[in-house]
Amino acid sequence: MEAGALEEGRPSGPRGLALRGSALSGLPDRALRLGLLALAALVLALLVFFFIELANQSSLAFSRFGVFGFTFTNNWDVSRNIYGALPLVVGTLITAGVGVLIGVPIAVASALFATELCPRRLKTLLTLLIDLLAAVPSVVYGLWGIFVLIPFLKPVQQSLADTFSFLPFVGGHVAGPSYFVAGLILAIMILPVVAAISREVITTVPAEHKEAALALGATRWEMIRMAILPYSRAGISGAAMLGLGRAIGETIAVTLVVGNAPQLGKQIFDQGYSLAAVVANEFGEAASVPIHRSALIAAGLVLFVLTLIVNAGARLYVRSGAPEGVRR
Amino acid sequence: MTMTPHSSPSESSSSGSAASNALAAEASEHAEKPAAKVEREGREIKLEAVRAFYGDLEAVKGVDLDFRANEVTAMIGPSGCGKSTLVRCINRMHEEIPGARAEGRITIDGEDLYGAEVDVVSVRRAVGMVFQKPNPFPTMSIFDNVAAGVRLSGMKGGKLKERVERSLRGAGLWEEVKDRLDMPGVGLSGGQQQRLCIARTIAVEPEVILMDEPCSALDPIATLKVEELIAELKASYTIVVVTHNMQQAARVADRTAFMLTGEMVEVAPTEQIFTNPSDERTEQYVTGKFG
Amino acid sequence: MSALSAVSPRRRRTDQAARAALGAGAAIALVPLVLVIFYLMKKGLPAWSWHFFTSDPTGSFLGDAGGIRSAIVGTLVLVAVAAAMSIPAGVGVALYLVEYGKAKRFAGLIRYLVDVMTGVPSIVFGLFVYTVLVITSIGGGFAAWKGSLALALLMLPVVTRSAEVVLNLVPDSLREAALALGAPRWRVIFRVVLPSALPGLVTGSLLAVARAAGETAPLLFTAFAVFGLSVDPSQEINSLPVQIFNDARQPRDVIVTRAWGAALTLVLLILITTVVARLATRRSRIA
């Protein structure tokens, strides 16, 4: 192949090689490049547009209650059209917090077990089964939560509430649905994601550090503490934050088991509400009431911003990854 | 018991190649140095009929070998001959590889490391290892790196600091790092990192030190420093050095063992291996005919 | 004196306890899966019948509650339209990022945005479409295609991310060889890059489809739900997740049972899609 064949615009050589293409020959290439560029730009524009529209539609609620007033007032009263979203914000944080508190340690433990302790043949099966948890849709978890988990946990929650009532936030009468049950279901739902990322992070720990620890005469657990955990700390924290982000945004499972009570519950076993749940739940009746609708959209906006912040933080952690001086 | 046997005056080896002449010269030069004093009585390691497998593949095929106390023994041989595998059997790291196993007897002063009642963790404390690529723990400071193994047995406070300082001195690194013990271990140069790893290894007071190509990732000056260190360390430990660099073996080792495709071909005082080997295969290897 | 010092019992115990705890953690992680599958089958199988799959929900308070036919069909329609929207767009964005955008800042921005999109709650996507299209009544009120749009927004980052990974795996040497033969860039993409990345693209797309099939929240105020059978994208449409969501809160036992049956059906559909998705890549490795 002639060396100059790829260069456009070269004048024909002495033997009349037609090296200069016609004006149209580069067109499909340029069209494709511009087309794809336009597509990417369209996605960007779409997202910006959606965000602006959301803000627009929430402005009614924000102007009546103030942005801070809306977000931090403890009074969600539909009948009187007064909307202070604090119970929702707090409920979101409590349920997501419980979910992370229960789910992350179990996920990380299962990841450590799978990568370091598990016999080879069991490992594929174990990771497959844990990944399978992600295949169950949110609404099915909610259904299962209502009819299996809540009846089973009601006496358990009550006895926990009675036995540990000296602790803050524990005690009271248990109705069934509660922050705790919602948190438990969220823990189950974030398990596969946190476990998968943790497994990946743990697997990238270089063998040389594990060998160094073992060669010093460390037991298996000591090796994990010495070589694996410090190295993976950033990555696992990132995974936990991603799990938190997922838990915050989870709608359907939560709304089916949290009780949908627009109050600031005082105990962990009280019924509560969350930002996502209120949007899903009250939309039907809000459709024709402008201020209610605007309040719900505003709640959605608050939720959106919350997840943006948490996920941005998570990304920073996962990316900061391996410790200094170590090349990835 | 620890005197290096003085072999007959060196003559050019029969093959006459320049490289082997240089080796022979180097070996004799080192052979005439006085034996190092013994600061701490080391232990003898005996390998009897040791075989090592990766699954069905037999990488070490029945090796008998002695490592004498307070001596440096070099293991040489072409890539894949099994020298690293053999050495990893001594501190029972070989069995960490999935599907790998070892057979035979390996004893330290008569105690079988593969005995039924023996805890592999205590074997590894007694048999230290320095790896080819320096591997200080990246999240730990210099101090914490050296202290890492020692902390396992619960030592802390003043005693720990003493032990760390002693180990860093023993590795010839104390003067260079004493003012920056809190700095990350990975901030040191390659040669310093390797000496840090040596300090970490001797901090747990092993009986034996295994070194798997300890200088192959280092520049010549750092290599020299480590080799000097090895010569000092043999006063307190029994040392085994795996190396593909025959000049290095000639410089540091009292005895040298030559392996080929999983078999122990010949072991003898270093000078003899390079000037007057008994086995034809050894001669071919040290004169550079293959490998 | 022995060369081997004993390992302190405290260390031994800590090691054993820690390993037991990790094993327990792994076991606990499996318990919900077992329980969910068990109850799905126990409560869902009794709902299955010929009538269940061939009739639509009746929506009446008494008498025959009906089956879930319209919900199944609705889900298929919604997901098909969503796939048609999101897969070409997602692969297109990935193509842009891999083939044209390697060092450009704009591409970095897009990649970051796609990353951000993966963390957006699905209900927010529903709200997006609701505020822009439903309130304003562009193209009618609730409609299936609007629900599909919300699902497509959800699927887009999933498709793009997996497509980007797969396209990056196509070795540069392949591209260079084709370019050196004089082929224009667009030909290289369509004749060389895409075909060799195809199995991975199929897997990523099917996994996105499986995810979208289970989503409820984006549909609640875009596609809404009707009981009757419909395949018209411009009208309201039923769907399995929404059907389950509504049935779960009904007092009648028959309807709750129907919810379980629908849940089992949905999970089965998702599992089949996931298995097929993974087979697509495995096949290509053997080939």
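Predicted model, so just to flag it, every value in this text is computed and none were measured. Convention: sequence-line order gives letters A, B, ...; per-chain numbering from 1.
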Does [X] reach the side chain of [Y], with side-chain heavy atoms less than 4.5 Å apart?
X	Y	answer
A:S138	C:T216	no
A:R315	C:Y112	yes
A:F283	C:L220	no
A:V43	C:V93	yes
A:V148	C:V36	no

Would you say that more than 12 heavy atoms from the other residues, nucleotides or ligands in this model lie under 6.0 Å from the [atom1] of [X], or not?
X	atom1	value
C:R12	CZ	yes
A:F51	CZ	no
C:F106	CZ	yes

Heavy-atom proximity to chain C below 4.5 Å, by part of [X]:
X	value
A:L308	side chain
A:A31	neither
A:T219	both
A:L133	both
A:A253	neither
A:R220	both
A:N281	side chain
A:L256	side chain
A:R225	neither
A:L149	neither
A:V279	both
A:L37	both

Do you know which of C:D115, C:L264, C:I189 has the most heavy-atom pairs under 4.5 Å to chain A? C:D115
Do you know which of C:G214, C:A26, C:A89, C:A263 has the most heavy-atom pairs with chain A at a distance under 4.5 angstrom? C:A26
If I take atom [atom1] from residue [X] and atom [atom2] from residue [Y], how far apart are they, to the nearest 0.5 angstrom?
X	Y	atom1	atom2	answer
A:M223	C:D15	CE	CG	10.0 Å
C:L30	A:L125	CG	CG	8.0 Å
A:L303	C:L127	CG	CG	8.5 Å
A:R33	C:E99	CZ	CD	13.0 Å
A:N56	C:T131	CG	OG1	9.0 Å

Which bit of [X] comes within less than 4.5 Å of chain A, counting heavy atoms only: side chain, backbone, both or neither?
X	value
C:R211	neither
C:T14	both
C:L40	side chain
C:L33	both
C:D247	neither
C:L156	side chain
C:F245	both
C:V34	neither
C:L240	neither
C:I244	both
C:A210	neither
C:L271	side chain
C:F38	neither
C:L35	both

Can you see which heavy atom on [X] is nearest to which on [Y], and at what distance?
X	Y	answer
C:A248	A:L143	CB-CD1, 3.7 Å
A:A135	C:I270	O-CG2, 3.5 Å
C:V267	A:P137	CG2-CD, 3.9 Å
C:G119	A:T307	O-CB, 4.0 Å
C:G25	A:A109	CA-CB, 4.1 Å
C:A29	A:I130	CB-CD1, 4.1 Å

Against chain C, work out which of [options] has the most heavy-atom pairs shorter than 4.5 Å and name it.
options	value
A:E116, A:R293, A:E53	A:R293
A:A114, A:G103, A:A280	A:A280
A:L54, A:I146, A:L191	A:L54
A:A187, A:G249, A:A40	A:A40
A:F49, A:W144, A:W221	A:W144
A:L32, A:L39, A:I252	A:I252

Could you tell me whether a side-chain N or O of A:D29 sits under 3.5 Å from a main-chain N or O of C:W186, the two making a donor and an acceptor? yes
Under the criterion side-chain contact (heavy atoms from CB on, under 4.5 Å), I'd like the reasoning laid out for C:V116 against A:N311: C-alpha separation, chi angles, the key distance, then a yes or no. CA-CA 7 Å; C:V116 166; A:N311 278 302; over 6 Å; no
Name the orientation class of the two ring planes belonging to C:F128 and A:F50 (parallel below 30°, tilted from 30 to 60°, perpendicular beyond 60°). parallel
Is the Lys NZ or Arg CZ of C:R19 less than 6.0 Å from the centre of A:F113's six-membered ring, within 45° of the axis? no
Applying side-chain contact (heavy atoms from CB on, under 4.5 Å) to C:Y100 and A:L36, what does each step give before you reach the verdict? CA-CA 9 Å; C:Y100 294 103; A:L36 290 181; 3.9 Å; yes
